[in-house]
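Here the structure is a predicted model, which is why all the values come from computation and not from measurement. As the structure lists them, so they are numbered: ligands from 1, and atoms in each ligand from 1. We're numbering straight along the sequence, starting at 1.
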Amino acid sequence: MISPVLPTYARAPLSFKKGQGPWLETDAGEMYLDMGAGIGVCSLGHAHPKLVAVLEEQARRLWHTSNLYEIPNQQALAEKLVEHTFADTVFFTNSGTEAMELAVKMARKYFHSKGQPDKVEIISFEGAFHGRSAAGIAASKGAKMIDGFGPLLPGFVQVPFEDLDAVKAAINENTAAILLEPIQGEGGIRAFGAGFLKDLKALANEHNLLLIFDEIQCGMGRTGKLFAHEWSHVTPDIMLIAKGIGGGFPLGACVATEEAASGMVAGSHGSTYGGNPLACAVGCAVMNEILSDGFLIDVSRLAGHLRQGLEGLVAEHPDIFTFVRGEGLMLALGCKVPVPDVVNAGYDEQIIVVPASDNVVRLLPPLNMSTGDLDEAVWRLDRVAAALERRLDISA
Ligand SMILES: *Cc1c(COP(=O)(O)O)cnc(C)c1O
């Protein structure tokens, strides 16, 4: 019999009643160290006092009015994003996928409004993950994501990761945009090089294409800059934000330059919930915290500390872990044993890590962890590796 919850997830038999900072507590009172942060969402950890206070205060005053009226929290958050990014304008959504959906519509509408309605094609990269909507799966093209869901939304072509010649070959008179995650998340924490991003920007300029960055996972401070593309000094025309911006409250955004957004007018797009007072109150508090003095520098410092610990694990357990890669607090451990074994052995040692493609486990911890808790994470992963080594010896 089918479960009351549609069984599209292979869930771990774990449930938590409470969270505090990077710690999650089960019903039985066991404490798990959360190095996944709800897939890079709880960027300030669980139950951050400032977020709790802001949400409680807003919940007592006003929950929802709809976008038929002005929403001061929404305007404040949009102004913050405009001030601190390349973007001139923001549309708020409830999820990353919805931000992706708007980016596709905005790119198409842009060329349509310029009298080039055939320019609809978007080029994406192998290993991409842009969400589970019709446009999202057509852009991502992962086998499990698309199998049985055809016909796919037309207008999406995919090229190998970081292959500039393949991008050039894919460009034709109908190409509208190039879409990528500056650091692929689900694809296994794979970063595009700064040089490649510069080449792409030049190519986009040369062929009059829009550049769309999906920073849903790598943005909002995770790499030690507010957005990952800042390291490369290459700015997109449109960018997707979600996950970290809500700190656990569902919130996303599609941000754009005035030019890229120029096709969008009253009636072109909408959302009942998008940018509602509760979500934007929390979003403002998250932004304030991430932009507070020294916060992002601390992310880089913590990232260096964690990375050093993980490099030590790779050196000590070469039969289990093969490499560390990633940027900031968006790190991956390459695995020589099956990734699910590592994740499950993590549960045994009460540490949460997240699987990804390309034989890696991801570490996406809260951005404000203490070095002591990061050390604890490395010790727990050390015990994970030791447990897996014992199993290898038994089977050998
Ligand atoms: C999570 C994610 C999405 C989808 O976001 P949802 O909030 O799950 O809809 C899209 N792109 C990237 C890079 C992501 O990490």
Side-chain angles (χ1 to χ4, degrees), residues 6 8-9 11 36-43 91-107 122-142 144-146 149 153 156 158 161-162 177-192 197 211-223 227-229 236 238-255 271 273-276 279 282-283 286 326-332 353-358 360-365 367:
L6 190 73
T8 60
Y9 277 94
R11 290 170 200 270
I39 321 187
V41 166
C42 303
S43 45
F91 185 93
F92 291 104
T93 63
N94 312 293
S95 68
T97 302
E98 289 165 88
M100 163 68 184
E101 207 64 23
L102 174 53
V104 171
K105 287 175 67 177
M106 189 184 281
I122 295 179
I123 299 171
S124 66
F125 291 87
E126 282 173 17
F129 182 84
H130 301 295
R132 303 284 195 153
S133 64
I137 64 172
S140 307
K141 296 207 192 314
K144 274 188 202 151
M145 297 174 76
I146 60 175
F149 297 118
L153 187 68
F156 292 88
Q158 198 169 66
F161 183 80
E162 216 174 51
I178 302 170
L179 164 68
L180 63 92
E181 305 152 75
I183 306 171
Q184 287 187 343
E186 306 301 308
I189 314 294
R190 297 197 299 171
F192 288 90
L197 295 181
L211 201 53
I212 306 173
F213 286 170
D214 179 344
E215 291 232 17
I216 290 168
Q217 197 161 142
C218 62
M220 287 309 293
R222 187 141 292 281
T223 66
F227 290 100
H229 69 264
I238 300 173
M239 178 169 72
L240 322 182
I241 307 172
K243 294 200 164 90
I245 192 172
F249 201 97
L251 176 63
C254 177
V255 309
S271 167
Y273 289 129
N276 108 335
V282 177
V286 170
E327 307 288 336
L329 287 174
M330 186 173 184
L331 293 170
V353 295
V354 182
S357 303
D358 215 25
V360 308
V361 292
R362 273 179 286 176
L363 302 172
L364 305 164
L367 305 180

As an exercise, identify every atom of ligand 1 less than 4.0 angstrom from a heavy atom of [X].
| X | value |
| --- | --- |
| Gly131 | 4 (C), 10 (C) |
| Ser95 | 7 (O), 9 (O) |
| Glu181 | 13 (C) |

For residues [X] and [Y], report the shortest heavy-atom separation together with the two atoms involved.
| X | Y | answer |
| --- | --- | --- |
| Arg222 | Gln217 | CD-O, 3.6 Å |
| Ala99 | Leu240 | O-CD2, 3.5 Å |
| Pro182 | Cys218 | CD-SG, 3.9 Å |

Classify the contact between [X] and ligand 1 as side chain, backbone, both or neither, using a heavy-atom distance cut-off of under 4.0 Å.
| X | value |
| --- | --- |
| His130 | backbone |
| Lys243 | side chain |
| Thr97 | both |

Ignoring angles and geometry beyond distance, decide whether [X] reaches within less than 3.5 Å of ligand 1 through its nitrogen or oxygen atoms.
| X | result |
| --- | --- |
| Glu98 | no |
| Asp214 | yes |
| Phe129 | yes |

Q. What protein heavy atom sits nearest atom 5 (O) of ligand 1, and how far off is it?
A. Gly96 CA, 3.4 Å
Q: Among all protein heavy atoms, pick the one closest to atom 10 (C) of ligand 1 and tell me residue, atom and distance.
A: Ile216 CD1, 3.3 Å
Q: Could you tell me the separation between the CD atom of Glu215 and the NE2 atom of His229, rounded to the nearest 0.5 Å?
A: 6.0 Å
Q.
Within this structure, what is the OG1-CZ distance for the pair Thr97 and Arg132, rounded to the nearest 0.5 Å?
A. 9.0 Å
Q. Hey, is Lys141 close enough to Glu126 for a salt bridge, meaning N to O under 4.0 Å?
A. no
**Q.** Whether Phe192 and Phe125 hold their rings parallel, tilted or perpendicular, with breakpoints at 30° and 60°
**A.** perpendicular
Q) Hey, is CZ on Phe161 packed in by over 12 heavy atoms from elsewhere, all under 6.0 Å? A) yes
